[in-house]
**Student:** 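After the structure tokens below, expect a handful of questions from me.
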Amino acid sequence: MSTSLWSDERAIEGLPIRLVIALVVGVACLSVMMSTISGIETLQVTEVDVQPHPEVTTPGPTDVTVTVVDPEGAPVAGATVVAKSGTATLSTVRTAETGSGGNATLSLSPSLGANQQQGTVVFDVKPPASSSYQDSRSNTELLVVRDS
């Protein structure tokens, strides 16, 4: 049996041809996988969040400044912030676009139900077009608390 492997002329260095083919295909697949993994970093998207100021307010008219930030805390310019009713009620949906400092100011007038002591206003973000930002997770909410 050992003489038949050494005398096989169909392969490299006495290896069976099927093993050589498997080796070549495996190396090619590994090369494709490695180039895909190294290219993933360039396709990565970055989640944004909001930082409302103030974070807590009372029912009634108030101006809220919302800062849109990336995971490192850097401001995101050109994003559209959408404020809408959560467990607190807004009469209409409000929108504003962030400036160069990542800030947008919204005039809100949240209200609470008759027996409701607190509620929230929800913020969504539409990231700037042609950016790698996305807003798929829930954002920080504005807490509305009734004065006792």
Side-chain angles (χ1 to χ4, degrees), residues 5 10-148:
L5 284 176
R10 299 176 297 157
I12 301 171
E13 308 247 344
L15 293 176
I17 192 72
R18 288 184 180 167
L19 182 60
V20 172
I21 292 172
L23 182 65
V24 170
V25 170
V27 168
C29 289
L30 182 62
S31 172
V32 169
M33 287 188 326
M34 292 303 289
S35 67
T36 302
I37 289 172
S38 67
I40 285 176
E41 204 171 282
T42 59
L43 299 175
Q44 185 176 9
V45 291
T46 306
E47 181 72 22
V48 293
D49 193 15
V50 298
Q51 297 174 340
H53 304 285
E55 291 182 359
V56 180
T57 189
T58 57
T62 185
D63 286 340
V64 178
T65 301
V66 178
T67 305
V68 178
V69 294
D70 66 12
E72 286 80 35
V76 177
T80 302
V81 179
V82 179
K84 57 186 179 180
S85 298
T87 55
T89 305
L90 292 177
S91 58
T92 62
V93 173
R94 299 284 186 185
T95 63
E97 187 171 324
T98 60
S100 60
N103 297 321
T105 302
L106 298 160
S107 295
L108 304 176
S109 186
S111 61
L112 297 172
N115 294 324
Q116 190 177 9
Q117 293 302 312
Q118 66 181 18
T120 57
V121 173
V122 178
F123 296 105
D124 287 331
V125 178
K126 182 183 178 298
S130 72
S131 70
S132 63
Y133 295 114
Q134 71 176 5
D135 183 37
S136 57
R137 297 185 193 139
S138 60
N139 296 311
T140 304
E141 299 174 342
L142 173 67
L143 180 61
V144 180
V145 179
R146 185 183 309 275
D147 283 338
S148 300

**Student:** Determine whether Pro52 and Thr140 make a side-chain contact, defined as any pair of heavy atoms from C-beta on separated by less than 4.5 Å.
**Tutor:** yes

**Student:** Rounded to the nearest 0.5 Å, what's the gap from NE2 on His53 to CG on Asp63? Could you check?
**Tutor:** 14.0 Å

**Student:** Under 6.0 Å from the CD atom of Glu55, do we count more than 12 heavy atoms belonging to anything else shown?
**Tutor:** no

**Student:** Identify the heavy atoms of Ala114 and Arg146 that sit nearest to each other, and give their distance.
**Tutor:** O-NH2, 4.1 Å

**Student:** Is there a donor-acceptor contact under 3.5 Å from the side chain of Thr98 to the main chain of Ala79?
**Tutor:** yes

**Student:** Mind listing the closest non-hydrogen atom pair of Ala88 and Leu112 along with its distance?
**Tutor:** CB-CD2, 3.9 Å

**Student:** Does any part of the side chain of Thr87, heavy atoms only, come nearer than 4.5 Å to the side chain of Gln116, both counted from C-beta?
**Tutor:** yes

**Student:** I need the minimum non-hydrogen distance between Val122 and Ser85, along with the two atoms involved.
**Tutor:** CG2-O, 4.3 Å

**Student:** Rounded to the nearest 0.5 Å, what's the gap from CG on Leu143 to CD on Gln118? Could you check?
**Tutor:** 5.5 Å

**Student:** Can you name the nearest heavy-atom pair linking Ala96 to Leu106, along with the distance?
**Tutor:** CB-CD2, 3.5 Å

**Student:** Given Val64 and Thr57, is the side chain to side chain contact (heavy atoms under 4.5 Å, CB included) satisfied, shown in steps?
**Tutor:** CA-CA 9 Å; Val64 178; Thr57 189; 5.5 Å; no

**Student:** Applying side chain to side chain contact (heavy atoms under 4.5 Å, CB included), run through Lys126 and Val82 and close with a yes or a no.
**Tutor:** CA-CA 8 Å; Lys126 182 183 178 298; Val82 179; 5.7 Å; no

**Student:** Determine the minimum heavy-atom distance between Val121 and Ala83, stating which atoms define it.
**Tutor:** CG1-CB, 4.3 Å

**Student:** Can you name the nearest heavy-atom pair linking Glu97 to Gly78, along with the distance?
**Tutor:** OE2-CA, 3.8 Å

**Student:** Kindly indicate whether the side chain of Leu142, heavy atoms from C-beta on, has any atom under 4.5 Å from the side chain of Leu108.
**Tutor:** yes

**Student:** Under the 3.5 angstrom rule, does the side chain of Glu47 hit a backbone N or O of Arg137 as a donor-acceptor pair?
**Tutor:** yes

**Student:** Quick check: do Pro128 and Val76 have side-chain heavy atoms less than 4.5 Å from each other?
**Tutor:** yes

